[in-house]
Amino acid sequence: MAAPIQRTDDPFDGEYSEVIDVRSPAEFVQDHIPGAINLPSLSNEERAEVGTIYKQVNPFDARKIGAALVFANLSRHLTEHFGTKEKDYRPLVYCWRGGQRSGSVASVLSMIGWRATVIEGGYKAYRRIVMKGLDTKPSAFTYRIVGGKTGSAKTDILHELERRGEQVLDLEGLASHRGSLLGSLPGRDQPSQRLFESLLFDKFRSFSPEKVVWIESESSKIGRVYLPTNLIEKMVASRYYDLQPPLDWRVDYLAKSYAHLNELGSPLAELLQRLIGRHSREKVEGWLKKFREGEWPEVVRALLVDHYDPAYSSATRKKFQDRPIVLDFSALGSYSVDAAVDELLKREQTEEDDHG
């Protein structure tokens with residue numbers, strides 16, 4: 001007996017076995033509900049073909065051809081994906097507008113006996129929820145900013161804070177980029193702006209306003225994705241911890257973290273050429289000379305002293321003026337990720353007690 005098809009205009013209002021995006025792979029890559037899987041009703045090429053027929057021949061022929069392709073693909077999905085699902089399987093299905101593609105898939109799943117739910121309005125309805133959420137959610141939380149010059153291991157510190165039960169918003173992790181000219185992650189593409197916003201919204205949904213959110217100091221742009229303006233405004237107004245590890249520690253940390261830029265075929269030379277204008281050609285050529293001579297730690301040191309550290313100091317003064325809480329580890333003791341987290345949590349408790 002067929003199960004009735006359910007409909008919802010909010011993909012977060014229920015519990016589902018699986019979220020299925022039946023749009024084409026190209027649409028899915030641009031953005032999707034985090035955690036969704038892609039079981040396309042039409043491939044990229046098939047979608048383009050049907051669209052061309054719709055515009056250049058007539059809609060009726062396009063629908064006939066499209067229906068044949070959709071059900072051929074669905075037949076394959078039934079064998080390869082749905083064949084192992086149990087009777088209590090409850091999928092949430094969506095396409096672009098919540099129309100024919102998701103409706104066709106849901107109808108077949110319903111005929112089998114599964115209780116399928118379709119998102120009313122499809123991806124477009126979901127996208128409206130994300131944009132509305134990003135207008136309000138960033139302002140609902142209290143942030144603690146982890147700052148420090150390049151090479152302070154801020155991302156590792158955030159991960160350790162999270163391991164200890166703190167709420168953490170790892171913006172560079174969501175953006176798949178370290179947030180600088182040399183910040184591309186090997187083997188990882190950045191998400192589109194829309195997918196980044198989906199990932200950010202999904203993370204906000206997991207937070208409780210009762211606890212602070214630890215976040216790394218960032219500019220408004222990470223690689224090619226932009227942060228919401230209201231989040232930047234909240235960050236600038238938040239308590240800011242300025243980590244100050246020894247320069248030698250930072251050089252060693254970065255030389256290891258960016259070792260891929262010291263390998264054969266590295267794009268480092270091309271990337272450094274982009275700094276001409278901000279620095280003299282002679283200075284950039286000096287960095288490249290050290291690189292070609294195999295003096296990798298010295299390249300890292302020079303980039304820190306001549307480029308990254310001045311840029312960080314300037315940006316910090318503009319954003320936070322005299323408000324940073326400085327954690328100078330030349331006075332506090334040896335630097336490590338654990339030591340930095342210990343000190344951050346201790347100072348945060350002291351600040352809370354003082355302002356309690």
Side-chain angles (χ1 to χ4, degrees), residues 29 146-160 162 168-193 195-196 199 215-227 242-316 329 335-338 340:
V29 166
V146 179
K149 293 177 180 177
T150 302
S152 301
K154 297 183 289 292
T155 297
D156 291 347
I157 287 166
L158 287 181
H159 292 170
E160 177 60 20
E162 191 167 40
V168 166
L169 182 56
D170 180 7
L171 293 170
E172 292 185 1
L174 297 181
S176 294
H177 198 281
R178 290 186 177 125
S180 70
L181 174 70
L182 307 181
S184 296
L185 298 178
R188 290 176 61 181
D189 293 330
Q190 277 204 269
S192 69
Q193 179 68 33
L195 182 53
F196 173 72
L199 297 171
I215 185 171
E216 182 176 343
S217 176
E218 298 286 356
S219 64
S220 61
K221 186 181 181 185
I222 305 176
R224 65 170 183 241
V225 300
Y226 290 86
L227 304 184
D242 186 8
L243 301 172
Q244 295 187 0
L247 175 61
D248 287 346
W249 193 95
R250 293 192 292 129
V251 170
D252 183 62
Y253 175 82
L254 288 173
K256 294 174 181 175
S257 298
Y258 287 82
H260 61 282
L261 291 177
N262 192 36
E263 297 173 353
L264 187 66
S266 162
L268 182 67
E270 177 187 343
L271 291 170
L272 291 184
Q273 293 289 342
R274 299 180 190 175
L275 292 178
I276 296 174
R278 298 180 65 178
H279 300 278
S280 69
R281 183 175 297 275
E282 290 74 19
K283 178 166 285 191
V284 173
E285 287 299 328
W287 296 337
L288 289 172
K289 183 175 182 292
K290 290 179 184 293
F291 174 64
R292 296 187 188 105
E293 292 173 351
E295 299 180 18
W296 178 235
E298 290 308 308
V299 175
V300 173
R301 183 182 298 272
L303 283 169
L304 286 178
V305 172
D306 294 337
H307 178 68
Y308 284 105
D309 287 2
Y312 171 80
S313 297
S314 175
T316 303
F329 281 82
Y335 192 78
S336 69
V337 169
D338 282 335

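- Checked for salt-bridge contact, D242 and K149 miss the test: no charged N lies under 4.0 Å from a carboxylate O.
- L275 is not listed as a side-chain neighbour of K283, based on a closest heavy-atom distance of 4.5 Å or more.
- Side-chain atoms of Y253 never come within 3.5 Å of backbone atoms of S152 as a donor-acceptor pair (strictly under, hydrogens ignored).
- Without hydrogens or angle criteria, E160 side chain to V337 main chain gives no donor-acceptor distance under 3.5 Å.
- For the pair L174/I222, no side-chain contact is recorded, criterion being any heavy-atom separation below 4.5 Å from C-beta on.
- The closest side-chain heavy-atom distance from T150 to Y312 is not below 4.5 Å.
- Judged purely by atom type and a 3.5 angstrom limit, W296 uses its side chain to pair as donor or acceptor with the backbone of A255.
- Side chain of W249 to backbone of Y335: a donor-acceptor contact under 3.5 angstrom is found.
- Scanning all heavy atoms of the two residues, the minimum distance from A175 to V225 falls at CB-CG2, 3.7 Å.
- Tested against V300 for a side-chain contact (heavy atoms from CB on, under 4.5 Å), the candidates L254, L261, V305 yield a single pass: L254.
- The backbone N or O of L171 lies less than 3.5 Å from no partner atom in the side chain of E216, so there is not a single donor-acceptor pair.
- For the pair R250 and Y308, the cation-pi test (distance below 6.0 Å, angle within 45°) is failed.
- Using a 4.5 Å heavy-atom threshold, the side chains of R224 and H177 count as separate.
- D156 pairs by the salt bridge (charged side-chain N to carboxylate O under 4.0 Å, His left out) definition with nothing, not counting sequence neighbours.
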